[in-house]
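So the structure is just underneath, and the comments pick up after that.
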Amino acid sequence: MNIYNYLKKDHKKVKQLFNKIILSKSSKERENYFLEIRKELELHADSEHATFYEALKSNPAGEDDAKHGDKEHEEIKKSLSKLNKIPLKETAKWFVQLGELKRIVEHHVEEEESEMFKDAQEILSEQEAEELSIKMEELKDKMMSSKSFQNKFGKIKKKLTL
């Protein structure tokens, strides 16, 4: 699998989680799906920065795309932080912020899958694109097994299986 298909797979997973959270009937379900969205978005942003964006930055033609992607990842993280601070019992306010997060993520995905991927295909060879997906997967695995990640997100799996 090349990096483009790998990233699309991540994007699809987050889109499905947004749909599940919107359709969920209980605050407990929403909390669990939100934790999963946070985990996926943080893993994706950090591993994408260290692999795909770094590869783009190594070529002057990809530098602006990578910087723009990093800027959008920061917007996503800020929106996640805002949402995390709103109690779920403040349902209307929480859903407004969730909608803002969803909008930011959808905008990022649209730009990345259209403009950035097109630019990257002119910069990266097919072999490099394949290798980047492997590196990204390995980095995600490493991140997930880290103590800090486990402390932050280890409870998700337990909660989601209740």
Side-chain angles (χ1 to χ4, degrees), residues 1-56 65-86 88 91 93-121 129 132-146 148-162:
M1 176 183 308
N2 65 34
I3 192 66
Y4 314 110
N5 290 327
Y6 186 89
L7 293 171
K8 285 179 183 179
K9 181 182 75 160
D10 273 7
H11 296 161
K12 183 178 179 181
K13 185 174 188 176
V14 169
K15 182 179 181 175
Q16 290 170 337
L17 287 167
F18 272 118
N19 290 337
K20 286 180 180 183
I21 203 170
I22 290 166
L23 296 173
S24 64
K25 301 293 183 202
S26 75
S27 61
K28 190 68 173 167
E29 273 186 352
R30 283 191 291 275
E31 179 183 19
N32 290 337
Y33 287 129
F34 174 62
L35 287 171
E36 186 68 20
I37 286 172
R38 273 185 55 208
K39 179 190 89 167
E40 290 299 324
L41 288 173
E42 288 186 29
L43 275 174
H44 176 88
D46 293 346
S47 62
E48 183 177 44
H49 165 79
T51 57
F52 184 54
Y53 291 175
E54 283 303 311
L56 292 179
D65 279 337
K67 286 179 181 177
H68 184 73
D70 280 336
K71 181 181 169 216
E72 288 185 342
H73 282 172
E74 285 306 311
E75 286 181 57
I76 290 168
K77 287 179 180 182
K78 284 178 186 174
S79 185
L80 274 169
S81 180
K82 285 180 186 176
L83 187 57
N84 197 47
K85 292 175 184 171
I86 301 171
L88 279 166
T91 309
K93 187 176 180 181
W94 193 86
F95 269 107
V96 167
Q97 185 59 44
L98 179 73
E100 177 64 11
L101 173 63
K102 187 174 183 286
R103 183 196 64 74
I104 294 168
V105 169
E106 287 173 346
H107 168 81
H108 173 70
V109 167
E110 173 60 31
E111 278 191 346
E112 193 168 84
E113 290 186 4
S114 59
E115 299 165 32
M116 192 181 296
F117 284 7
K118 183 180 175 186
D119 293 346
Q121 288 170 340
L132 283 171
S133 69
I134 294 166
K135 285 180 184 177
M136 190 165 171
E137 181 67 21
E138 289 171 352
L139 182 55
K140 279 181 166 183
D141 288 343
K142 185 177 178 181
M143 290 166 62
M144 284 190 288
S145 63
S146 74
S148 63
F149 184 88
Q150 290 299 317
N151 288 339
K152 189 172 186 178
F153 293 109
K155 60 186 173 187
I156 294 173
K157 189 172 183 181
K158 292 176 193 161
K159 286 186 173 186
L160 290 176
T161 58
L162 294 177

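Just so you know, residue 1 is the first one in the sequence shown, and it goes up from there. These numbers were taken from a predicted model, which means no experiment stands behind them.
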- For the residue pair His68 and His107, does the interplanar ring angle fall in the parallel (under 30°), tilted (30 to 60°) or perpendicular (over 60°) class? perpendicular
- So, are Lys102 and Glu106 salt-bridged, with charged N and O less than 4.0 Å apart? yes
- Show your working on side chain to side chain contact (heavy atoms under 4.5 Å, CB included) between Glu72 and Ile104 and close with a plain yes or no. CA-CA 8 Å; Glu72 288 185 342; Ile104 294 168; 5.8 Å; no
- Item | Carboxylate-amine/guanidinium proximity below 4.0 Å for Asp10 and Lys140 | yes
- Could you give me the CA-CA distance, side-chain angles and deciding distance for Tyr6 and Leu132, then say whether side chain to side chain contact (heavy atoms under 4.5 Å, CB included) is met? CA-CA 9 Å; Tyr6 186 89; Leu132 283 171; over 6 Å; no
- Query: Say you draw a straight line from CG of Leu101 to CD1 of Ile37; how long is it, rounded to the nearest 0.5 Å?
  - Reply: 7.0 Å
- Would you call Lys39 and Glu36 a salt bridge, taking side-chain N to carboxylate O under 4.0 Å as the test? yes
- With no hydrogens and no angle check, is any side-chain donor or acceptor of Ser133 less than 3.5 Å from a backbone partner on Met1? yes
- Note on the structure: Rounded to the nearest 0.5 Å, the CD atom of Glu112 sits from the NZ atom of Lys8 at a distance of 10.5 Å
- Message: side chain to side chain contact (heavy atoms under 4.5 Å, CB included) for Leu56 and Met116? Distances and angles first, verdict last.
- Response: CA-CA 10 Å; Leu56 292 179; Met116 192 181 296; 4.0 Å; yes
- Item | Working for side chain to side chain contact (heavy atoms under 4.5 Å, CB included), residues Phe34 and Leu17 | CA-CA 8 Å; Phe34 174 62; Leu17 287 167; over 6 Å; no
- Item | Close side-chain approach of Leu7 to Met136, heavy-atom, < 4.5 Å | yes
- Message: Donor-acceptor pair, distance only, cut-off 3.5 Å: does the side chain of Ser79 make one with the backbone of Glu75?
- Response: no
- Message: Just verifying a value: how many Å separate Glu42 CD and Ser47 OG, rounded to the nearest 0.5 Å?
- Response: 11.5 Å
- Any side-chain donor near an acceptor of the partner, His108 and His11, under 3.5 Å: no
- Quick one: does Ser81's side chain have a donor or acceptor within less than 3.5 Å of a partner on Lys78's backbone? no
- Query: Any salt bridge between Arg103 and Glu100, counting N to O under 4.0 Å?
  - Reply: yes
- Item | Partners meeting ring pair (Phe, Tyr, Trp, His ring centres under 6.0 Å) with Tyr4 (sequence neighbours left out) | Phe117
- Query: Any side-chain heavy atom of Asp46 sitting closer than 4.5 Å to one from Lys77?
  - Reply: yes
- Note on the structure: The side chain to side chain contact (heavy atoms under 4.5 Å, CB included) partner of Tyr33 among Lys20, Arg38, Lys28 is Lys20
- If you take all heavy atoms of Ser27 and Leu88, which pair is closest and at what distance? O-CD1, 3.6 Å
- Query: Does a donor on one side chain and an acceptor on the other come within less than 3.5 Å for His44 and Glu40?
  - Reply: no
- Please say which of Leu98, Ile22, Ile21, Leu35 ends up in a side chain to side chain contact (heavy atoms under 4.5 Å, CB included) with Arg30. Ile21
- List the steps, then state whether salt bridge (charged side-chain N to carboxylate O under 4.0 Å, His left out) holds for Lys142 with Glu138. CA-CA 6 Å; Lys142 185 177 178 181; Glu138 289 171 352; over 6 Å; no
- Check whether more than 12 heavy atoms from other residues, nucleotides or ligands sit under 6.0 Å from atom NZ of Lys9, and answer yes or no. yes
- Between CD1 of Ile3 and CZ of Phe52, what distance do you get to the nearest 0.5 Å? 6.5 Å
- Here the gap from Glu54 atom CD to Lys135 atom NZ, rounded to the nearest 0.5 Å, amounts to 11.0 Å
- Query: Which value, rounded to the nearest 0.5 Å, describes the distance between Leu139 atom CG and Met144 atom CE?
  - Reply: 10.0 Å
- Inspect the contact between Lys118 and Asp65 and indicate whether a charged nitrogen and a carboxylate oxygen are less than 4.0 angstrom apart. no
